Amino acid sequence: MVGGAGGVIVEVEAYHHTDPAAHSYIGMTERNAVMFGPPGFAYVYRSYGIHWCLNFVCEAEGSASAVLIRAIEPVAGIAAMRRRRGKDLASPDDPALCSGPGKLCQAMGVSIKHNGLALDRPPFELRARASVPEIVVGPRIGITKAVDEPWRYGLKGSRFLSRPFPKR
DNA sequence: CTCTCGATTATCT
DNA sequence: GATAATCGAGAGC
């Protein structure tokens, strides 16, 4: 979680430098430089000029890989997140609060200030899951290249996914 | 409920 | 100047 607000990650997408849709595909730029650095850091960028997206830099043979956080299940700081979203969400656990890259970043107040920060120091707090949940895999969403690559991972049956996964 | 389309701005070519 | 790993509103079924 981030800065006292956050929740359980329920959906992610994998990217690495051989992926045409990844920012690290073309090569290192000023923006994605953190992806080429050591793992365990946050990579934050702007999408369509108005949304923030949060990634975790991962270790994958030094190949500039990262995981995009697509959705979380709100657990802490829900009131603060609702305030930041500026929406009148009917139910306290409304999936619309964090069911998407842009939404969860807005909810947790993630911005360019968090780019390149370590995930094991404030305001970040990364904790391991108590047990291994059931995971499903599916095609990725919201990109224009290599959409069919099955690199989207989600928590099976979660109501907080940005979109439901296909049956398998 | 599903699908289409416009908004908005840092970054890249 | 063109592009984008999205969101949300609004039209059409």
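Note that the structure is predicted; figures quoted are calculated from it, not measured. In what follows, every chain begins at residue 1, and chains take the letters A, B, ... in the order their sequences are listed.
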Worksheet item: Is A/R140 close enough and on-axis enough to A/Y15, meaning under 6.0 Å and within 45°, for cation-pi?
Response: yes

Practice prompt. Name the nucleic acid region contacted by A/I141, choosing base, sugar-phosphate or nothing; use a 4.0 angstrom heavy-atom cut-off, strictly under.
Written response: sugar-phosphate

Discussion item. What does the 5'-to-3' dot-bracket notation of DNA chain C look like when only Watson-Crick and G-U wobble pairs under 3.5 Å count, and pairs to other strands show as |?
Written reply: ||||.|||||||.

Worksheet item: When the aromatic ring centroids of A/W151 and A/H16 are compared, is their separation below 6.0 Å?
Response: yes

Worksheet item: Are the ring of A/Y15 and the six-membered base ring of C/dA5 within the stacking cut-offs of under 5.5 Å and under 30°?
Response: yes

Worksheet entry | Enclosure of A/R121 CZ (heavy-atom neighbours >12, cutoff 6.0 Å) | no

Discussion item. Let's see if you can work this out: which of C/dA5, C/dC7, B/dT8 has an atom nearest to the side-chain heavy atoms of A/H51?
Written reply: C/dC7

Item to complete: Could you tell me whether A/Y43 contacts a base, only the sugar-phosphate backbone, or nothing, with contacts defined as non-hydrogen atoms closer than 4.0 Å?
Response: base

Discussion item. Below the 4.0 Å mark, does C/dT3 have OP1 or OP2 next to a side-chain nitrogen or oxygen of A/T144?
Written reply: no

Worksheet item: Between C/dA5, B/dT8, C/dC7, which nucleotide gets closest to the side-chain atoms of A/I143?
Response: C/dA5

Worksheet item: What does A/E30 touch in the nucleic acid at a heavy-atom separation under 4.0 angstrom: a base, only the sugar-phosphate, or nothing?
Response: sugar-phosphate

Item to complete: Describe the nucleic acid contact of A/S162 in one word from base, sugar-phosphate, nothing, applying a heavy-atom distance below 4.0 Å.
Response: nothing

Worksheet item: Do the rings of A/H23 and A/Y45 sit parallel, tilted or perpendicular, given the 30° and 60° boundaries?
Response: perpendicular

Practice prompt. Rounded to the nearest angstrom, tell me the gap between atom NZ in A/K103 and atom P in C/dC7.
Written response: 6 Å

Practice prompt. Consider the side chain of A/R85, meaning its heavy atoms from C-beta on, and name the nucleotide among C/dC7, B/dC12, B/dT8 that approaches it most closely.
Written response: C/dC7

Discussion item. What is the distance, to the nearest angstrom, from the CG atom on A/N32 to the C1' atom on B/dT11?
Written reply: 10 Å

Worksheet item: Can you tell which of B/dC12, C/dA4, C/dC7 lies closest to the side chain of A/R31?
Response: B/dC12

Item to complete: Please figure out whether A/I112 or A/Y48 has its closest DNA chain B nucleotide nearer the 5' end.
Response: A/Y48

Worksheet item: Quick one: do the A/E11 and A/S158 side chains pair a donor with an acceptor below 3.5 Å?
Response: no

Worksheet item: Rounded to whole angstrom units, what separation is found between the CG atom of A/D19 and the C1' atom of C/dA4?
Response: 14 Å

Worksheet entry | Base of C/dA4 paired with side chain of A/Y45 (donor-acceptor, under 3.5 Å) | no

Response to the item:
Heavy-atom closest pair (A/L161 atom, A/L155 atom, distance to 0.1 Å) is CD1-O, 3.9 Å

Worksheet item: Please give, in whole Å, the distance from C/dT3 C1' to A/I26 CD1?
Response: 10 Å

Worksheet item: In whole angstrom, what separates A/R70's CZ from C/dC7's C1'?
Response: 11 Å

Worksheet item: 5'-most contact on DNA chain C: A/L104 or A/K145, nearest heavy atom basis?
Response: A/K145

Discussion item. Is it the case that the side chains of A/R85 and A/Q106 hold a donor-acceptor pair, with the cut-off being a distance below 3.5 Å and no angle test?
Written reply: yes

